[in-house]
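When a residue number appears, it is its place in the shown sequence, counting from 1. The figures here come from the full heavy-atom set of this structure, side chains too, leaving out hydrogens, waters and symmetry mates.
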Amino acid sequence: MCTGGEYENRSRSYTGASAEDAFKRFVIRTAFLGVDALDPERGAMDLNHGHGVLKERLIEKVDRVIILADSSKLGERSAYCFADIEKVDTLVTDDEASPEIIARFENCGVKVVRALAKKSRKPS
């Protein structure tokens, strides 16, 4: 299913008013969103303004926001903030994330799930 809108070949995604309008027709309980940066004080950010606006509009309609971000994006900042940290329910990141940055997100009320990186898995 496609939302329609302006297609961006680089990211293989749709943005713009038509894509935003599609959210009005659907009930979305959980949004899984990628970010370019996630900072405990500044929130969730994207480099691409069109993507950021689309995510901002989506967050207004969903019950739960789960951010997917590898550890290199944590504590960083980018061009467009699309959500305050209070809007983020859960962060899924890798096991390279420092305990300090994890604690900062948890202190903001964000549940943090650390996935094992492939190289960290022990053979069974």
Side-chain angles (χ1 to χ4, degrees):
M1 176 184 289
C2 293
T3 61
E6 299 169 36
Y7 183 73
E8 295 184 4
N9 194 39
R10 185 180 66 80
S11 63
R12 297 182 197 175
S13 63
Y14 291 93
T15 62
S18 295
E20 294 170 30
D21 191 47
F23 298 141
K24 295 176 185 173
R25 295 186 286 271
F26 296 100
V27 175
I28 304 170
R29 299 196 190 281
T30 303
F32 293 86
L33 302 174
V35 296
D36 288 323
L38 185 67
D39 182 74
E41 286 78 37
R42 297 279 175 109
M45 291 165 266
D46 207 302
L47 183 61
N48 183 303
H49 174 266
H51 293 175
V53 170
L54 189 64
K55 291 173 186 178
E56 187 173 29
R57 301 292 183 270
L58 175 63
I59 286 172
E60 295 170 0
K61 303 287 184 187
V62 302
D63 297 330
R64 182 172 54 165
V65 175
I66 299 175
I67 297 291
L68 310 171
D70 66 61
S71 57
S72 71
K73 297 176 181 178
L74 305 182
E76 298 298 319
R77 295 180 180 172
S78 192
Y80 185 86
C81 181
F82 64 85
D84 292 333
I85 200 66
E86 294 80 20
K87 300 273 187 181
V88 177
D89 298 294
T90 304
L91 163 63
V92 178
T93 190
D94 58 66
D95 59 351
E96 299 289 320
S98 74
E100 294 81 16
I101 195 72
I102 297 295
R104 288 174 62 200
F105 285 110
E106 290 175 335
N107 288 339
C108 293
V110 177
K111 178 183 176 185
V112 179
V113 176
R114 295 173 74 182
L116 291 176
K118 190 173 184 177
K119 65 181 179 183
S120 299
R121 291 188 185 131
K122 295 179 182 174
S124 42

>> To the nearest 0.5 Å, what is the distance between CD1 on Ile28 and OG1 on Thr30?
In response: 10.0 Å

> Can you name the closest pair of heavy atoms from Thr93 and Ala69 and give their distance?
Replying inline: OG1-O, 2.7 Å

>> Between Phe32 and Val65, is the side chain to side chain contact (heavy atoms under 4.5 Å, CB included) condition met? List the steps.
In response: CA-CA 6 Å; Phe32 293 86; Val65 175; over 6 Å; no

>> So if I apply the side chain to side chain donor-acceptor pair (under 3.5 Å) rule between Tyr80 and each of His49, Glu56, His51, which one comes out positive?
In response: Glu56

>> Per the salt bridge (charged side-chain N to carboxylate O under 4.0 Å, His left out) rule, what does the pair list look like for residues 40-49, sequence neighbours excluded?
In response: Glu41-Arg104, Asp46-Lys55

> At their closest point, which heavy atom of Ile59 faces which heavy atom of Lys87, and how far apart are they?
Replying inline: CG2-CD, 4.0 Å

>> Going by the rule salt bridge (charged side-chain N to carboxylate O under 4.0 Å, His left out), which residues pair with Arg77 if we only count those two or more places apart in sequence or in a different chain?
In response: Asp39

> If you measure from CD1 on Ile101 to CD on Glu96, what distance do you get to the nearest 0.5 Å?
Replying inline: 14.5 Å

>> Do Ile66 and Val113 sit in one hydrophobic cluster, given that two such residues count as connected whenever their side-chain heavy atoms are within less than 4.5 Å of each other, even indirectly?
In response: yes

>> Working to the nearest 0.5 angstrom, can you tell me the gap between Asp94 CG and Leu116 CG?
In response: 10.0 Å

> Where the side chain of Ser78 meets the backbone of Asp36, is there a donor-acceptor pair that is under 3.5 Å apart?
Replying inline: no

> Donor-acceptor pair, Lys111 side chain versus Glu106 backbone, under 3.5 Å?
Replying inline: no

> Does the Arg114 side chain pair with the main chain of Asp95, one donor and one acceptor, at a distance under 3.5 Å?
Replying inline: yes

>> On a heavy-atom basis, which atom in Ile67 and which in Ala44 lie closest, and how many Å separate them?
In response: CD1-CB, 4.4 Å

> Just wondering, do Val110 and Asp89 contact through their side chains at under 4.5 Å, heavy atoms?
Replying inline: no

> Which pair of non-hydrogen atoms, one from Gly75 and one from Pro40, has the smallest distance, and what is that distance?
Replying inline: CA-CD, 4.4 Å

>> Please find the pair of heavy atoms, one from Ala97 and one from Ile102, that lie closest to each other, and give the distance.
In response: CB-CD1, 3.7 Å

> Can you get from Val62 to Val53 by hopping between Ile, Leu, Val, Met, Phe, Trp and Tyr side chains that sit under 4.5 Å apart?
Replying inline: yes

>> Under 4.5 Å side-chain heavy-atom separation, chaining through any Ile, Leu, Val, Met, Phe, Trp or Tyr, what else clusters with Met45? Say none if it is isolated.
In response: none

>> Rounded at 0.5 Å granularity, tell me how far CG in Leu38 sits from CG in Asp70.
In response: 11.0 Å

> Should Val112 and Val88 be regarded as members of a common hydrophobic cluster, given that ILVMFWY residues are connected when their side-chain heavy atoms come within less than 4.5 Å of each other, either directly or indirectly?
Replying inline: yes

>> Do Leu68 and Leu33 sit in one hydrophobic cluster, given that two such residues count as connected whenever their side-chain heavy atoms are within less than 4.5 Å of each other, even indirectly?
In response: no

